[in-house]
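No experiment lies behind these values; they were computed from the predicted model shown. The sequence lines fix the lettering, A, B, ..., with proteins before strands; numbering per chain opens at 1. FYI, side chains are in, hydrogens and waters are out, and symmetry mates aren't considered; it's all heavy atoms of this structure.
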Amino acid sequence: AQSVTQLGSHVSVSEGALVLLRCNYSSSVPPYLFWYVQYPNQGLQLLLKYTTGATLVKGINGFEAEFKKSETSFHLTKPSAHMSDAAEYFCAVSGLIQGAQKLVFGQGTRLTINP
Amino acid sequence: ETGVTQTPRHLVMGMTNKKSLKCEQHLGHNAMYWYKQSAKKPLELMFVYSLEERVENNSVPSRFSPECPNSSHLFLHLHTLQPEDSALYLCASSRMMYRDGLTDTQYFGPGTRLTVL
């Protein structure tokens, strides 16, 4: 079985400060990992994903995440927070069901940016 | 129109009503998904359709009935719901994976906010 744990349901940072959102996963097979962002009253949008290869993955809006197998982690970072980054962020691990992708999500982290 | 659309965006219904949620994807995908997002729980996968065949029913109560008439459309039929079914229902789609194990991105619609009175 696969699972995801996001440490911290709420994170608050100042504008211009480093953003660090933590994600740990459990998977019996090599994982595919994702970060999604959800703005108010919207669906989820993919920020970045890790499948194979380079362990440092760059995504949209200046975000990146590093896959660390030894720590079973996939933390999301951004060097300098912007007010527009305020949203809810979800980490997910995926498996396959008869060709379709099954995503297991963490509980989400709400990011607040202080002026 | 592009991407994944969902209608209606908001729905209020009584416990004895019957209603349907609609999802349409314009991405040429052939796998579609229903998720439930409520305040107290993580995103829960409800149903998965791959090539119009249901391949996953994640222990969802029978008062939720999915339908996938073709690869572009997905419905969720609702009847005799409970107040605890109030939530945001998200639809997503992706390209079907193949034996090489490559995985593709799921694209999400904006959701239907359902309130059951």
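Contacts between A:Q38 and chain B at a heavy-atom distance below 4.5 Å involve the side chain alone, from C-beta outward. Residue contact with chain A, scored on non-hydrogen atoms closer than 4.5 Å, involves the side chain of B:Q37 exclusively. Contacts of A:L46 with chain B are made by side-chain atoms alone, with heavy-atom separations under 4.5 Å and no backbone atom involved.
Among residues 104-112 of chain A, the residues having any heavy atom closer than 4.5 Å to a heavy atom of chain B are, in sequence order, A:F105, A:G106, A:Q107. Within residues 108-117 of chain B, the residues approaching chain A closer than 4.5 Å by heavy atoms are, in numerical order, B:F108, B:G109, B:P110.
A continuous path of hydrophobic side-chain contacts links B:M32 to B:L78 [ILVMFWY only; heavy atoms under 4.5 Å]. At a threshold of 4.5 Å between side-chain heavy atoms, the hydrophobic network of Ile, Leu, Val, Met, Phe, Trp and Tyr places A:L7 and A:L21 in two separate groups. Linking Ile, Leu, Val, Met, Phe, Trp and Tyr whenever their side-chain heavy atoms come within less than 4.5 Å puts A:F90 and A:Y32 in one cluster. Hydrophobic clustering, with ILVMFWY side chains joined whenever heavy atoms are under 4.5 angstrom apart, keeps B:L21 apart from B:Y107. Hydrophobic clustering keeps A:L48 apart from A:L20 (ILVMFWY residues linked when any side-chain heavy atoms are closer than 4.5 Å, directly or through intermediates).
Residues B:L45 and A:K102 form a side-chain contact, since some pair of their non-hydrogen atoms from C-beta on lies under 4.5 Å apart.
For A:N114, the CG atom sits in a packed shell: over 12 heavy atoms of surrounding residues, nucleotides or ligands are nearer than 6.0 Å.
Minimum heavy-atom separation, A:K49 to B:T105: NZ-OG1, 3.1 Å.
A distance-only check finds no donor-acceptor pair linking the side chain of B:Y33 to the backbone of A:L103 [under 3.5 Å].
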Inset, instruction - Test side-chain contact (heavy atoms from CB on, under 4.5 Å) on A:Y36 and B:Q106 and set out the steps. - result: CA-CA 10 Å; A:Y36 280 85; B:Q106 283 188 29; 3.6 Å; yes
